[in-house]
Amino acid sequence: MSSDAAVDPSRRTWIAITCGAGAVGTVATAIPFVSSLEPSERARAAGAPVKVDISGIAPGEKMTVAWRGKPVWILHRTKAQIDELPKNDPLLADPLSERTAYPIPAYAKNEWRSIKPEYLVVIGICTHLGCSPGDKFTPGAQPSLPDNWPGGFLCPCHGSTFDLAARVFKDKPAPDNLEVPPHMYLSDTTLVIGEDKQA
C-alpha cells in the first residue's frame, strides 16, 4: 500500500489551505515592510523643487517660502535698493562672495547675488548660529543699527547685519553671507527653487 493512499483526503485539503493562508500572510506582511524602506511622500516632497508665483510681490516687498525645511526669502528690490548695493562693498566682510563655506552658484556671483537684479533669492538662516534675521529695509539710524544703515537684515540673536544682497557686514559674528539656493525662472512670474537646469 502506497503512503499516498494512507493520507486522509480531508487532512490533505486542510494542509493545502493552511499553506496557502501562510503564503498570503507572508506576502501581506512583506509588502508593508518593503514599502517602509522607500522614502515617504513627505520626505520626497521635502527635497523636491518648489515652484513659486512671484507676480504678487511688489517692489520693496519680501515673500518667504519653505524648501527642504528652510525659509527661502524672495525679495523684490526697488531700483533705489539695487543702486545702493555697490556703495556697501567697503563695509562688507565678503562683498564678492568669495568664501567657500556656502558656495554661491555662478549665476549669482555678481553685485546683486542673483539672476535678476530686482529679485534676491536666499536662505533666511544666519550663518552664525542658525537664527532667522529680521527685515530692516528702511535706511537710517535705528535701534541696534548704525546711523548710516543702508537697509538690509538684522539677526536679533547676536547682532549680525546683512545688506539687501544678503552680504554680511564686517566685524559681525556671522562668518559668511546668507546662502543662495539653486534656483531658476520658468517665466517672468514663475520661480523654481531647488533646481537650476535652465539658469
Under a 4.5 Å side-chain heavy-atom rule over Ile, Leu, Val, Met, Phe, Trp and Tyr, are [X] and [Y] clustered together?
| X | Y | value |
| --- | --- | --- |
| L178 | M63 | no |
| I125 | Y102 | no |
| I115 | V52 | yes |

Just by distance, do the side chain of [X] and the backbone of [Y] share a donor-acceptor pair under 3.5 Å?
| X | Y | result |
| --- | --- | --- |
| R99 | P175 | yes |
| H76 | I57 | yes |
| S132 | G124 | yes |
| K170 | P90 | yes |
| D89 | P95 | no |
| T189 | S55 | no |
| N88 | L92 | no |
| S160 | A174 | yes |
| R68 | G194 | no |

Identify whether NZ of Lys or CZ of Arg in K116 sits under 6.0 Å from the centre of the six-membered ring of Y185 and within 45° of that ring's axis.
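Because its charged atom sits under 6.0 Å from the ring centre and within 45° of the axis, K116 does stack over Y185.
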
What are the two closest heavy atoms between [X] and [Y], and how far apart are they?
| X | Y | value |
| --- | --- | --- |
| G134 | P156 | N-CD, 4.4 Å |
| W67 | P181 | CZ3-CB, 3.8 Å |
| L120 | R113 | CD1-O, 4.1 Å |

Is it the case that atom NZ in K109 sees more than 12 heavy atoms from other parts of the structure closer than 6.0 Å?
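Yes, NZ of K109 has more than 12 neighbouring heavy atoms, counting only those of other groups under 6.0 Å.
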
Check against side chain to side chain contact (heavy atoms under 4.5 Å, CB included), T161 and C155
CA-CA 6 Å; T161 49; C155 187; over 6 Å; no

Using the six-membered ring wherever Trp is involved, compare the ring planes of W149 and F169 and label them parallel, tilted or perpendicular (cut-offs 30° and 60°).
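Rings of W149 and F169: tilted, as their planes differ by 30° to 60°.
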
From [X] [atom1] over to [Y] [atom2], what is the distance, rounded to the nearest 0.5 angstrom?
| X | Y | atom1 | atom2 | result |
| --- | --- | --- | --- | --- |
| D83 | R77 | CG | CZ | 11.0 Å |
| L186 | D53 | CG | CG | 11.5 Å |
| Q81 | D163 | CD | CG | 10.5 Å |
| H183 | I193 | NE2 | CD1 | 8.0 Å |
| I82 | L164 | CD1 | CG | 10.0 Å |
| Y119 | W112 | OH | CH2 | 15.5 Å |

Does a side-chain heavy-atom distance below 4.5 Å link [X] with [Y]?
| X | Y | value |
| --- | --- | --- |
| F162 | K172 | no |
| V180 | S114 | no |
| I74 | K62 | no |
| L191 | V121 | yes |
| P133 | C126 | yes |

In terms of side-chain geometry, is the basic nitrogen of K79 or E84 positioned less than 4.0 Å from the acidic oxygen of its partner?
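Answer for the salt bridge query: no.
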
Report the residue from V122, V72, I123 that forms a side chain to side chain contact (heavy atoms under 4.5 Å, CB included) with E179.
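Running side chain to side chain contact (heavy atoms under 4.5 Å, CB included) over V122, V72, I123 with E179 returns exactly one hit, I123.
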
Under 3.5 Å, is there a donor on one side chain and an acceptor on the other for R167 and S97?
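Not at all, the side chains of R167 and S97 share no donor-acceptor pair under 3.5 Å.
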
Going by distance alone, is a donor N or O of one side chain under 3.5 Å from an acceptor N or O of the other, for Y107 and D196?
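There is such a pair (donor and acceptor under 3.5 Å, judged by atom type) between the side chains of Y107 and D196.
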
One pair to check against side chain to side chain contact (heavy atoms under 4.5 Å, CB included): T127 and V168. What are the steps and the verdict?
CA-CA 9 Å; T127 55; V168 68; 5.8 Å; no

